[in-house]
There are 2 protein chains.
Amino acid sequence: MAQYALGLDFGTESARAVVVGLADGREAGTAVAPYPHGVVEGSLPDGGRLEPDWALQDADDYLAVLEQIVPAALEAAGVHPADIVGIGVDFTACTLVPCRADGTPLSRDARLRTEPHAWTRLWKHHAAQPEADRVNRLATERGEPFLARYGGLTSSEWLLPKAWQLLDEAPTVYAEAGCLVEAGDWLVWQLTGRLSRSACQAGYKALWGREEGYPSPDFLRALDPRLEHLASEKLAGEVVPIGTCAGELTAATAQRLHLRPGIPVATSIIDAHAAVPAAGVSGPGTMVVILGTSGCHMVLATSGNSFPGIAGVVQDGILPGYFGYEAGQPATGDILNWFVRHSLPAAEQQEAEARGISPHQLLSERAALLRPGESGLLALDWWNGNRSVLMDAELSGVLLGLTLDTRPEHIYRALIEGTAFGTRVILENFVRHGIEIHTIVGAGGLSERHELLMQIYADVTGRPLHVARSGQACAVGAAILGAVAAGAARGGYDCLEEAVAHMGGVRDHTYRPDLAAHARYSAMYEEWVRLHDYFGRGHNSVLKKLRSWR
Amino acid sequence: MAQYALGLDFGTESARAVVVGLADGREAGTAVAPYPHGVVEGSLPDGGRLEPDWALQDADDYLAVLEQIVPAALEAAGVHPADIVGIGVDFTACTLVPCRADGTPLSRDARLRTEPHAWTRLWKHHAAQPEADRVNRLATERGEPFLARYGGLTSSEWLLPKAWQLLDEAPTVYAEAGCLVEAGDWLVWQLTGRLSRSACQAGYKALWGREEGYPSPDFLRALDPRLEHLASEKLAGEVVPIGTCAGELTAATAQRLHLRPGIPVATSIIDAHAAVPAAGVSGPGTMVVILGTSGCHMVLATSGNSFPGIAGVVQDGILPGYFGYEAGQPATGDILNWFVRHSLPAAEQQEAEARGISPHQLLSERAALLRPGESGLLALDWWNGNRSVLMDAELSGVLLGLTLDTRPEHIYRALIEGTAFGTRVILENFVRHGIEIHTIVGAGGLSERHELLMQIYADVTGRPLHVARSGQACAVGAAILGAVAAGAARGGYDCLEEAVAHMGGVRDHTYRPDLAAHARYSAMYEEWVRLHDYFGRGHNSVLKKLRSWR
């Protein structure tokens with residue numbers, strides 16, 4: 001009898017269950033369901049107004065969709081529950097559930113249902129920027145050791161500013177929250193009845209390090225005396241490496257999901273990071289890049305040096321036994337979508353419609369006819385600020401070389417090239433600091449459907465570019481971790497490398513760098529980096545002034 | 001009986017005759033006709049191929065349209081030929097007619113009709129760039145004194161490179177051309193039977209100076225021994241100041257034009273420069289700006305210092321008794337038209353169509369709601385290179401501050417602001433060199449219909465902005481010169497100031513700078529100038545590299 005692992009992928013708008021074959025990574029069945037309350041922005045379901053920058057979710061939505069998608073995926077796969085040997089979970093992060101000590105979300109309490117602070121703060125809740133600014137300022141002043149692991153700057157999306165905002169603005173709700181927990185860890189807790197925490201979320205989003213633990217009570221007290229005992233009061237649960245078995249499916253949950261009780265459940269992982277094992281990567285040398293609306297760059301290494309320009313380095317945070325490095329670009333597909341929405345002339349729009357293709361296809365078709373450099377344009381891809389390596393959200397995009405002969409496809413190609421140059425900066429920063437990268441694997445929507453973009457990335461970086469085999473790489477990565485949680489004795493794999501070798505991988509087609517194109521792009525890249533440093537490293541602060549005048 | 005002057009305005013595509021009242025500048029009647037052969041590009045009428053960058057005209061077209069428009073304008077005006085006291089002519093320049101010593105255009109000769117070199121080279125014939133480069137190189141090496149009068153650089157559009165290209169590529173045609181003459185001077189020759197040359201065309205386009213004359217035979221010999229005697233061999237005709245009476249209408253021509261013989265004809269003027277008297281300007285202190293597809297900036301001064309960043313300074317070249325300074329921007333309206341043609345999304349296009357307004361109106365309406373700086377953008381307006389003050393055709397446009405929230409009206413406003421900053425650079429360069437400018441008068445299409453642009457120019461420059469009263473300012477300026485050519489004894493004016501005071505002027509509405517907007521724009525201008533110097537003065541030559549890679 002073939003055996004399977006179940007990958008549960010919790011995204012921003014919906015959750016997905018995928019039944020994955022242990023022998024070959026075949027995706028036997030899939031089911032997707034949107035969260036009943038979606039992303040809660042603007043107002044609560046009862047109409048209570050939310051401030052701008054707020055983004056909430058209802059933790060009970062996660063359980064509700066689970067009861068739909070797990071049985072549906074099994075049915076679609078035609079797989080018997082007995083053949084599921086392990087379960088893995090990936091989740092957006094930091095998505096923070098305020099709950100009681102027993103795991104009950106505060107938002108389930110009718111008394112607190114109208115209180116926004118009792119709801120789950122979604123990863124893209126950006127209302128804690130003042131708190132994040134104070135964290136960064138104080139940590140810099142004090143030379144807090146954790147800061148280096150995050151390239152010198154922490155984000156308003158992370159746990160500490162989110163928790164602090166809750167404490168600041170709703171101290172009584174904070175007091176009722178016996179536990180503040182990442183939604184991924186919370187979900188595993190619901191499945192297994194046991195609370196533990198993933199080194200991935202704790203490391204990348206909660207300033208936790210394996211040697212150092214959470215930020216010191218001394219630092220937290222200096223930040224706000226009420227935060228001094230944050231870790232012991234609100235962050236219960238051992239932090240365990242990726243690849244750990246977090247527990248077994250409880251009988252009650254098994255019944256609701258039509259699964260057998262006792263199935264091993266892996267500790268959770270951040271969604272993007274789950275793409276690494278799915279892409280067939282189980283060790284150093286390969287950078288996995290999520291190419292979607294934004295970009296996320298991940299690479300494994302045997303040592304954990306901190307250096308500027310990384311978003312985070314976490315021991316055991318992506319795969320056990322390695323230091324996982326993360327970097328990112330805050331807009332990739334988003335820039336191309338912006339261009340199509342706000343700069344595509346009617347003639348091009350009509351042609352695309354008449355031919356039944358998307359504007360992206362039309363522009364790609366025309367842009368593909370241009371040689372590197374032929375557009376005459378260069379773009380600094382900072383339409384949504386810069387994450388790596390400058391860590392500066394206040395930067396904005398720059399387009400150079402415009403003439404009366406500039407056409408939409410010239411700009412479209414320059415925008416793609418701009419994001420590719422941004423990826424090369426990240427890659428070279430890793431390499432400069434001793435982290436070998438000989439190949440790249442793309443995952444996410446653009447990697448599957450944007451051939452021109454993929455070829456440009458190969459030509460710009462000078463690295464062969466593979467595509468993760470699965471179109472639902474995060475879920476497959478979660479399933480791989482489920483198979484490892486089971487271990488060989490229970491029908492899975494003892495060794496992560498083995499699971500990856502069987503269940504992960506890339507497609508046959510490889511985008512190989514064209515040497516002539518790479519040479520021209522390297523000359524363009526030299527100019528691009530000069531502009532990047534000029535506008536991004538304080539030689540000319542015009543972009544910040546422009547923002548201040550808006 | 002009211003008396004009138006006739007202004008003849010020869011543009012790129014068509015010619016216009018306007019009957020202008022001497023007492024009050026009233027435009028009593030107008031007629032326009034396109035040149036039968038238009039702009040000859042791509043191929044000759046007989047199908048003979050032309051190289052790219054070639055742009056020719058048929059000199060006989062000028063006479064053909066004249067016979068249509070003069071009687072038609074008189075008829076439209078209901079004016080008797082006896083009441084026309086003077087004629088003035090403005091013309092594109094350098095538009096170079098190769099003709100025999102008696103004025104017969106070589107292109108009229110059937111034997112030469114298929115020879116492109118025998119045709120008139122239009123101002124925008126750009127095929128003599130190699131010759132212009134050699135002129136500039138040698139003049140710089142030798143420290144030729146004329147160079148300073150042109151800000152250190154001469155253009156491929158001017159007489160010397162055009163003549164030299166003819167000599168280089170078709171020496172036998174060159175030999176047959178007893179005379180090389182500006183089309184404006186050629187036309188006056190046809191009207192009066194006498195050849196003289198305008199100080200305006202000679203000064204701005206043929207390197208002529210009142211003290212120095214044409215470039216020295218020594219310099220010309222060094223350039224090419226065959227050019228040594230260019231002036232004496234090909235450039236016959238006394239150079240006379242603007243405001244001179246060049247002669248009287250011959251009987252033969254008068255008959256063809258249904259005019260009376262003997263009417264005084266003024267020496268010709270370049271079309272843009274004719275707008276200065278039409279704008280009511282007869283002395284220093286006011287900068288006249290032609291705001292059309294490109295921009296031309298003119299100001300009068302009592303002394304003639306040469307300094308960098310001017311396109312030319314010519315004694316008696318705009319109005320007699322003054323040094324006329326010229327500067328320019330190679331694209332103004334062209335940039336806005338480029339944006340509407342190649343970046344306007346379908347939604348905006350449809351809205352404009354539904355409301356029956358132009359896309360420019362729609363974008364202006366939205367852009368007018370933005371405060372200065374609110375777009376978050378800055379644009380270096382070099383879509384067609386830079387004329388003043390950098391004199392560098394290889395520069396290209398730069399747009400900074402783009403974000404995912406950038407909308408078409410933000411960019412549209414930034415493009416207008418970019419051209420306004422470019423005009424402020426020109427203005428401040430004049431002021432820094434002692435040329436007073438307390439007010440600006442706009443002429444040309446944009447000045448009449450683009451209120452937002454006019455207000456932004458006032459706010460950016462901090463100067464009140466008037467609009468030339470006439471929508472056909474060049475023709476009115478020519479008519480003013482016609483009235484002066486006649487002199488008081490023959491029903492016109494002896495004094496140019498008097499003619500300007502009666503016949504030129506501005507509209508009632510003045511765009512006055514808003515002090516708060518001017519202050520914000522001055523802060524933005526400081527950033528703009530830093531970028532202008534960084535990209536335009538060799539600190540970063542990326543724009544030239546981008547051009548070389550195209």
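Just so we're clear, the structure is a prediction, and the values are computed from it rather than from any experiment. Sequence lines set the chain letters: A, B, ... in the order given, protein chains first and strands last, and positions in each chain run from 1. Excluded from the calculations below are hydrogen atoms, water molecules and symmetry mates; all remaining heavy atoms, backbone and side chain alike, are included.
- Taking the side chain as every heavy atom from C-beta outward, A/L402 and B/W382 never approach each other to under 4.5 Å.
- Enclosure of atom CG in B/L369 by more than 12 non-hydrogen atoms of other residues, nucleotides or ligands within 6.0 angstrom is indicated.
- For the pair B/L399/A/V398, no side-chain contact is recorded, criterion being any heavy-atom separation below 4.5 Å from C-beta on.
- Using a 4.5 Å cut-off between heavy atoms, B/L380 does not touch chain A at all.
- Contact count versus chain A (heavy atoms, under 4.5 Å) is highest, among B/Q350, B/R371, B/K545, B/R407, for B/R407.
- Ranked by heavy-atom pairs shorter than 4.5 Å toward chain A, the options B/G385, B/A331, B/P345, B/A379 are led by B/P345.
- The structure places OG of A/S343 at 9.5 Å from CG of B/L344, a figure rounded to the nearest 0.5 Å.
- Top candidate by heavy-atom pairs under 4.5 Å with chain B, chosen from A/I335, A/L395, A/L377, is A/L377.
- Inter-residue side-chain proximity for B/V542 and A/L531 is flagged as met; some heavy-atom pair is nearer than 4.5 Å.
- Taking the side chain as every heavy atom from C-beta outward, A/R550 and B/T403 approach each other to under 4.5 Å.
- Both the backbone and the side chain of B/A523 come within less than 4.5 Å of a heavy atom of chain A.
- Once rounded to the nearest 0.5 Å, the distance linking NE2 of B/H342 with NE2 of A/H410 reads 10.5 Å.
- Neither the backbone nor the side chain of A/F339 comes within contact range of chain B; no heavy atoms are under 4.5 Å apart.
- Considering only heavy atoms from C-beta on, B/R520 comes within 4.5 Å of A/W549 through its side chain.
- Aromatic ring pairs are classed by plane angle as parallel below 30°, tilted from 30° to 60° and perpendicular above 60°; the pair A/Y534 and B/Y534 is parallel.
- With a threshold of 4.5 angstrom between heavy atoms, B/L543 approaches chain A through side-chain atoms but not through N, CA, C or O.
- Of all non-hydrogen atoms in B/D334 and A/L404, the two that sit nearest each other are O-CD2, 3.6 Å.
- Taking each heavy atom of B/T406 and A/W338 in turn, the nearest pair found is O-NE1, 2.9 Å.
- Counting heavy-atom pairs under 4.5 Å between each of B/S396, B/A346, B/G397, B/P372 and chain A puts B/G397 at the top.
- Of the listed residues (A/I411, A/L400, A/L378), the one with the most heavy-atom contacts under 4.5 Å to chain B is A/L400.
- Remark: A/E526 CD is loosely packed, at most 12 non-hydrogen atoms of other residues, nucleotides or ligands lying under 6.0 Å away.
- Taking 4.5 Å as the limit, some side-chain heavy atom of A/R530 sits within range of a side-chain heavy atom of B/N540.
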